[in-house]
Amino acid sequence: MTWIVRNLWLIPALPLLAAALSALAHRRHRLFAASAAIGSMTLSLLLCLIAFAEVLRLVSQEHIARLPFNFDWFQVGSEWLKLGWVLDPLTAVMLVMVSFVGLLIFIYSVGYMAHDDNFTRFFCFLSLFAGAMLGLVIANSLLLLFICWEIVGLTSYLLIGFWYQKPSAASAAKKAFITTRIGDLAFLLGMVWLYSQAGTLLFYNYGAGCLEQAALMKLVTQTTSLGIAASTGIALLIFCGAIGKSGQVPLHVWLPDAMEGPTPVSALIHAATMVAAGVFLVARAYPLMAAHGGGLGLSLASAPALKVVTWVGAITAVFAASIAVAQDDIKRILAYSTVSQLGYMMLGLGVGGVAVGMFHLITHAFFKALLFMGAGSVIHGCHEEQSIRRMGGLRKLMPITFATYAVGMLALCGFPLLFSGFWSKDAILHAASTWGVSRTPFYLATLGVLLTAFYMTRQVLYVFFGESRRPEAHATSPHESPGIMTLPLVILAGCSVLLGLIGTPAWPWFSAFINGQHARFELRGFAESGVLTVMFSSTAVLLIGLGIGWLLYSNRLNAESASPDAFEQFSPSLFNLLRNGWFVDTFYGATFVRSAAWFSDACDWLDRWVFNGMIHLISRLTLGASRLSRSTDAFAVNRTFDQSCRGAALSGRLLSRLQRGRVQSYLQIIGIAFAGFVLFLIWGHHG
């Protein structure tokens, strides 16, 4: 076992150490906090590249490219609870992506948060977040993964609510924390169930792990009272955790509100880390997800858990995209876009396997981080303005931001050939088109392509083209962001283009690497059944979406910010429905939230008037009984006892006078008694 495998724990440990040092630093030590965070992420990235190179070496030599390292944590009875980490292609790819994108976001944050009073605290939270995410990625134990998973949830709460003085930010942080806990509760139940059945939470342990054949065969053969295999029940419970963390329907409502945090937080949460954790969890537990009564994932279409993953992903993809078309906040549009793209990733996992879903996760991480950081650059340049209706004309004023943002936009839409999003999106569409269960997910995903092209065209036209629609009160004109913010944008834009080269049908390097195989360059990959058909059809749908967006909004670029939106004029009722997110939040507020509020009020009433009343009644009865007892003791028992004691003492004193030891006294008494006796006899005789 190589050095990097034994010391893989250093990768998350370095950011965690930086977080600890920043927590101890004074508020004014801004340079130290930023240097510790960026330095630790740089070192972690170097270690990640070493780990990636090690996996590449193993794959090239056709060796087993999965190296677990397990150790005893603590003993319970005669059993040891084990933890560990694992290095395999999935881990290696995620480590490089998280550390690289995270590092760019850290650097970008130095410029974005330069004037914030809590700069040091912000970098402390960022480092803690990154360390937890990296720990989640390397985990070879579902328990260790869950521990890091919860730390990610905690730090997301801290970062979303970083500007806690804003009620909206505090509310969004609570909403995110509570909503994700719903999924995490099911995740915890699934983890306990898995341990009870498999006897271990280690993923891989040289044949004895819970994702290895022996454990999976046992789980598949056990049937629950509902008629499903234990493997399916456990997989669905674990997937609930992924639904919450990755913002899938119906637990998607927290993710758009998370935009209340600083823009670097949005980029970190929505691109490379937190929301990707749910997709990564499904990919990591994929052998369990694919296990079913017919075999261990021999036919993906037959696995019940993967069917659920597929439908949830397809519905989420088109549902969130439809909401994005009616939003005005630049970050909120990207937030719903993230929810939609996460749906595509889940769809890819369900119909195509780990490589298909993970390829889109990796490409999305780069172009979505680019878009969020570009949005932050726009907001920074427009002096904290976030409404796209009050922007316009930024193409000339912010040329670097515009050029890089355009790259991110085209990658997200899946513009053909040049951009990575095209190849990863089409891989998902192709897999969906060949899914043996139903073609409906394919049609939903295709509709999502149309909507994505439309809302991104709308956003870019509003923000960068036409004339400025800023209110006259804002006298200062927008300006380009400083180099420390634009340099990461340029790097991410380059990655958003180049990454597509590793996943084309002619050279499917990424898919081969994830599966531990060699990739060959073969143009006949395009001749595979349905590949070119999907490419041409998705491109046509994309161009239709771009065209509709251009036709609706190109003639309204100079309209007043208060004037109705073009889509709103076309269909006011539908626009209002989509602007309000299909009223899902309203429904939750009227049902679950109101029920919870009613229940809390009922508990409060019971506590105040029933339980407190009973407690007060019992306390008063107890006090009354104690007072009665005291009175009885003081005035009855004590007084009677005291009187008896006094009588006994008096009798004793009287009798003691008869016992003085003087013979004369005794003779006097005898004489008096004798005289009295004689008188008694005489009185009796005369009577």
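Note: hydrogens, waters and symmetry copies are ignored here, and every other heavy atom, side chains too, is used.
Both the sub-6.0 Å distance and the 45° axial angle are not jointly satisfied by R6 relative to the ring of F69.
Residue-environment remark: CZ (R57) exceeds the threshold of 12 foreign heavy atoms within 6.0 Å. Annotation for F536: atom CZ does not count as buried by contact number, only 12 or fewer foreign heavy atoms lying within 6.0 Å. Residue-environment remark: CH2 (W598) stays at or below the threshold of 12 foreign heavy atoms within 6.0 Å. The environment of CH2 in W509 is crowded: more than 12 heavy-atom neighbours from other residues, nucleotides or ligands sit within 6.0 Å.
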Quick one, M41 with L126, criterion side chain to side chain contact (heavy atoms under 4.5 Å, CB included). Give me CA distance, side-chain angles, the key distance, then yes/no. CA-CA 10 Å; M41 282 299 287; L126 280 186; over 6 Å; no

Is there a side chain to side chain donor-acceptor pair (under 3.5 Å) between W582 and S322? Walk through the geometry before answering. CA-CA 9 Å; W582 295 87; S322 68; 3.0 Å; yes

For the pair T200 and K82, evaluate side chain to side chain donor-acceptor pair (under 3.5 Å) and give the outcome as yes or no after the intermediate values. CA-CA 8 Å; T200 181; K82 295 178 178 290; over 6 Å; no

Take F71 and W85 through the ring pair (Phe, Tyr, Trp, His ring centres under 6.0 Å) test and state the conclusion after the steps. CA-CA 9 Å; F71 59 91; W85 49 82; 5.6 Å; yes

Between L158 and F129, is a side chain to side chain contact (heavy atoms under 4.5 Å, CB included) present by the stated rule, with each step listed? CA-CA 10 Å; L158 296 173; F129 190 103; over 6 Å; no

Evaluation steps, side chain to side chain contact (heavy atoms under 4.5 Å, CB included), between V93 and F510: CA-CA 9 Å; V93 166; F510 185 86; 3.7 Å; yes

Give the C-alpha distance, both sets of side-chain angles, the deciding distance and a yes or no for ring pair (Phe, Tyr, Trp, His ring centres under 6.0 Å) between F513 and F359. CA-CA 11 Å; F513 177 73; F359 184 42; over 10 Å; no

Assess the residue pair M358 and M345 against the criterion (side chain to side chain contact (heavy atoms under 4.5 Å, CB included)); give the C-alpha distance rounded to whole Å, side-chain angles, the decisive distance to 0.1 Å, and a yes or no. CA-CA 7 Å; M358 288 300 298; M345 296 173 207; over 6 Å; no

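Nearest heavy-atom pair across S99 and C48 is OG-SG, 3.6 Å. Across all non-hydrogen atoms, the minimal contact from I11 to S44 is O-OG, 2.8 Å. Nearest heavy-atom pair, L201 versus L143, reported as atom, atom and distance to 0.1 Å: CD1-CB, 3.9 Å. For the residue pair V449 and S538, the shortest heavy atom distance occurs at CG1-O, 4.0 Å. Taking both residues in full, the closest heavy atoms of M289 and A303 are given as O-CB, 3.7 Å, listed atom of the first, atom of the second, then distance. A pairwise comparison of heavy atoms in L134 and P15 identifies CD1-CG, 4.1 Å as the closest pair.
Side chains of T363 and S424: a donor-acceptor N/O pair is present below 3.5 angstrom, by distance only. Side-chain contact of S141 with W73: a donor-acceptor pair under 3.5 Å is absent, judged by distance alone.
Residue L429 holds its CG atom at 12.5 Å from OH of Y443, rounded to the nearest 0.5 Å. Put simply, CG on L194 and CG on L189 are 12.5 Å apart, with the number rounded to the nearest 0.5 Å. Put simply, SG on C413 and CG on L451 are 11.0 Å apart, with the number rounded to the nearest 0.5 Å. Once rounded to the nearest 0.5 Å, the distance linking CG of L87 with CD1 of I50 reads 11.5 Å. Here the CD1-OG1 distance, from I228 to T223, works out to 9.5 Å after rounding to the nearest 0.5 Å. In this structure, SG in C495 is found 12.0 Å from CE in M97, a value given to the nearest 0.5 Å.
Annotation: Y157 is not in aromatic contact with W254 [ring centroid separation under 6.0 Å not met]. Ring-centre distance between W149 and F187: below the 6.0 Å cut-off.
Between E150 and R181 there is a salt bridge, since a side-chain N of the basic residue sits under 4.0 Å from a carboxylate O of the acidic one. Under a 4.0 Å N-O distance rule, the pair D585/K175 qualifies as a salt bridge.
Within the 4.5 Å cutoff, the side chain of I238 has no heavy atoms near those of the M191 side chain. M94 places a side-chain heavy atom less than 4.5 Å from the side chain of L361. A heavy-atom distance below 4.5 Å is not found between the side chains of M217 and Q222. Side-chain contact between F52 and L95 is absent, with no heavy-atom pair separated by less than 4.5 Å. Residues T310 and M346 are not in side-chain contact: their nearest non-hydrogen atoms beyond the backbone lie 4.5 Å or more apart. Between L268 and V265, every side-chain heavy-atom pair lies at or beyond the 4.5 Å cut-off. Between T440 and W311 the shortest side-chain heavy-atom distance falls below 4.5 Å. Within the 4.5 Å cutoff, no side-chain heavy atoms of T180 are placed close to those of L251.
Y588 pairs by the ring-ring contact (aromatic ring centres under 6.0 Å, His included) definition with F592, not counting sequence neighbours. Checked against ring-ring contact (aromatic ring centres under 6.0 Å, His included), F367 has the following partners two or more places apart in sequence or in another chain: H364.
Within the 3.5 Å criterion, the main-chain N or O of W193 finds a donor-acceptor partner in the side chain of S196. Of the possible polar contacts, one joining the T338 side chain to the L334 backbone as a donor-acceptor pair under 3.5 Å is found. Checking side-chain atoms of Q248 against main-chain N and O of S246 turns up a donor-acceptor pair under 3.5 Å. When atom types are taken as modelled, the side chain of E212 and the backbone of N205 share a donor-acceptor pair closer than 3.5 angstrom. With hydrogens and angles disregarded, no donor-acceptor distance shorter than 3.5 Å links the side chain of S420 to the backbone of L499. Between the side chain of Y204 and the backbone N or O of L211 there is no donor-acceptor pair closer than 3.5 Å. For the pair T224 (side chain) and A230 (backbone), a donor-acceptor distance under 3.5 Å is absent. A side-chain donor-acceptor contact under 3.5 Å links T91 to the backbone of V86. R439 places a side-chain N or O within 3.5 Å of a backbone atom of S433 that can act as its donor or acceptor partner. Distance alone, capped at 3.5 Å, is enough to place a donor-acceptor pair between the T316 side chain and the V249 backbone.
Below 30°, between 30° and 60°, or above 60°: for F319 and H252 the angle between ring planes is above 60°, a perpendicular geometry.
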